[in-house]
Structure formats: structure tokens, C-alpha cells
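Heads up, the thing below is written out as C-alpha cells.
Source: prediction; values computed, not measured.
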Amino acid sequence: MKDAIWFRRRWAPWWLAIGLAVFWPPLTYPFYLATQPNWRPTTEIRIIMAIVAVSAYWFLASIANWRIAVVTPSGVRTSLLPFPTGSGQSVRRDSVLHCFARHILGTDEMNAYVTADYYAMGVETVQGHQLDIHLPYPTEADALAAARDVAQVLNLNTYGRALDIQSVQTKMTYPTLRRMLLFWSAITFFAVYVGWRCG
């Protein structure tokens with residue numbers, strides 16, 4: 001039996017990555033101008049360049065990043081590589097309540113047509129947060145089979161009770177959005193400050 005399982009998927013859908021790839025090169029043009037010896041940007045231009053630099057990083061992350069999930073007997077860890085965004089998540093084995101499969105069904109605002117219809121697999125914590133490990137799966141059986149593999153690895157840790165597998169409804173997702181907003185707000189503020197002060 002494996003003592004670790006890796007899951008990998010693109011962070012952004014391929015069609016979004018291609019679309020962003022088209023717009024990313026123009027974002028780098030101001031930094032090309034900055035290499036010219038006679039170019040002296042104003043304070044306003046430097047501030048705009050600082051904001052563009054943060055935006056360009058996010059564009060590049062959306063184009064190139066993969067979401068990696070690693071399951072070991074000690075817990076579950078997810079990260080984005082090769083361009084970190086501060087959205088990594090970690091759940092210890094003793095915080096896991098069970099492994100799950102859940103149905104994700106999305107519709108438009110008028111409920112006229114389906115925009116998403118697939119299954120996700122992950123772990124739910126004792127606090128009630130759901131961490132998706134991998135998606136999409138076409139059927140519930142496929143998601144449950146993957147959840148069973150994850151449970152087998154987590155159950156190699158004999159210091160906790162054996163974990164079961166359940167089909168669940170969507171609850172709270174793992175709380176990382178607030179942390180990311182605070183982190184990137186601080187990064188943007190710092191970039192703007194540097195653009196304002198450097199001249």
C-alpha cells in the first residue's frame with residue numbers, strides 16, 4: 001500500500017490560461033521601458049507599474065500554476081506551484097472527520113442551464129470545513145473510489161480512529177480566501193509604496 005498519494009490538476013481552466021496568456025505580454029511593456037537609460041517615469045507611472053507588477057504575477061500564476069495535493073498518514077497538504085499565491089492549505093490527520101465525495105452542480109442565474117456538473121473528492125474537518133483534494137470526477141463512484149484511496153493512506157496513522165467515506169452536501173470550504181486577500185492587499189500596498197518612494 002502506498003504511504004503517500006499525489007494529485008495534480010491545473011489551477012485555472014485551460015481556456016482561461018490561454019486567454020490570459022494573450023494579455024500577459026503587454027503587461028510587461030512598462031518594465032521594458034524602464035530598462036531604457038533615458039526614461040524617467042513620473043510618480044504616478046511608478047505607482048501604476050507597481051500595481052501592474054502584482055497583476056502580471058497573478059496572470060502568470062493563472063497561466064502556469066498547478067494545484068498539488070499530497071496525502072500522507074500525517075495529513076493533507078495542498079499548494080500552488082510554481083508561483084505561490086498564499087493559498088496553500090494543510091489539514092492534520094487528527095483534524096480529519098471523514099473523507100468525502102460531493103456533487104457540484106452549477107447553474108446560471110435563471111437556472112436555465114447547467115454550468116457545472118461533476119464530483120469532487122476531499123476531506124472534511126471536525127470543524128466542518130471541506131477541503132477538496134481533487135476534481136473533477138465524472139461520477140460519484142469515481143469520486144468515492146478516490147476518497148477510499150485517500151482514507152487508506154490516512155488510516156496508516158494508527159493514533160486516530162479509522163476514517164470512513166461519505167457522500168456529503170457542500171458545506172463551508174476551507175477558510176483561505178480571507179488570508180489571501182489580506183496577504184495580497186499587503187503586497188499591493190507595499191508595491192505601491194515602493195513605487196511612490198523610489199524615484
With rounding to the nearest 0.5 angstrom, report the [atom1] to [atom2] distance, [X] to [Y].
X    : Y    : atom1 : atom2 : result
R102 : Q169 : CZ    : CD    : 10.0 Å
D132 : Y119 : CG    : OH    : 14.5 Å
D149 : H134 : CG    : NE2   : 12.0 Å
I51  : T188 : CD1   : OG1   : 7.5 Å
N157 : L163 : CG    : CG    : 9.0 Å
H103 : T139 : NE2   : OG1   : 10.5 Å

Transitive ILVMFWY side-chain link [X] to [Y], under 4.5 Å:
X    : Y    : answer
W58  : I63  : yes
L135 : L131 : no
L81  : L60  : no
V123 : V70  : no
I187 : M49  : yes

Would you find a donor on one side and an acceptor on the other, under 3.5 Å apart, between the side chain of [X] and the backbone of [Y]?
X    : Y   : value
Q127 : S95 : no
R67  : A12 : no
R161 : L97 : yes

Close side-chain approach of V153 to P73, heavy-atom, < 4.5 Å =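 Yes, close enough: below the 4.5 Å cut-off.
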Is there a side-chain contact between S90 and V76 (heavy atoms, below 4.5 Å)?
->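 Side chain of S90 against side chain of V76, heavy atoms only: no contact under 4.5 Å found.
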In terms of the angle between their ring planes, are Y57 and W184 parallel, tilted or perpendicular, with boundaries placed at 30° and 60°?
->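 Taking W184 first and then Y57, their aromatic rings sit tilted (interplane angle of 30° to 60°).
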Which of parallel (below 30°), tilted (30 to 60°) and perpendicular (above 60°) describes F189 and Y193?
->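 Plane angle under 30°, so parallel.
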For [X] and [Y], work out which heavy atoms get closest and say how close.
X    : Y    : value
A64  : F83  : CB-CE1, 3.8 Å
S185 : L181 : OG-O, 2.6 Å
A69  : I133 : CB-O, 3.6 Å
W11  : A61  : CE3-O, 3.7 Å
A143 : M121 : O-CG, 3.6 Å

Stepwise side chain to side chain contact (heavy atoms under 4.5 Å, CB included) check, F7 with V71 | CA-CA 8 Å; F7 296 89; V71 181; 4.2 Å; yes
Evaluation steps, side chain to side chain contact (heavy atoms under 4.5 Å, CB included), between I5 and Q152 = CA-CA 10 Å; I5 306 178; Q152 287 178 348; over 6 Å; no
R92: what forms a salt bridge (Lys or Arg N to Asp or Glu O under 4.0 Å) with it, not counting sequence neighbours?
->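 Expected list: D94.
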Please assess N155 against R93 for the test side chain to side chain contact (heavy atoms under 4.5 Å, CB included), listing each intermediate value before the final yes or no.
-> CA-CA 9 Å; N155 284 334; R93 167 62 174 81; 3.4 Å; yes
Go through H98 and V168 one step at a time and tell me if the side chain to side chain contact (heavy atoms under 4.5 Å, CB included) criterion holds.
-> CA-CA 10 Å; H98 54 243; V168 300; 3.8 Å; yes
Honestly, is R10 close enough over W66, meaning NZ or CZ under 6.0 Å from the six-membered ring centre and within 45° of the axis?
->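 The answer is yes; both the distance and angle limits are met.
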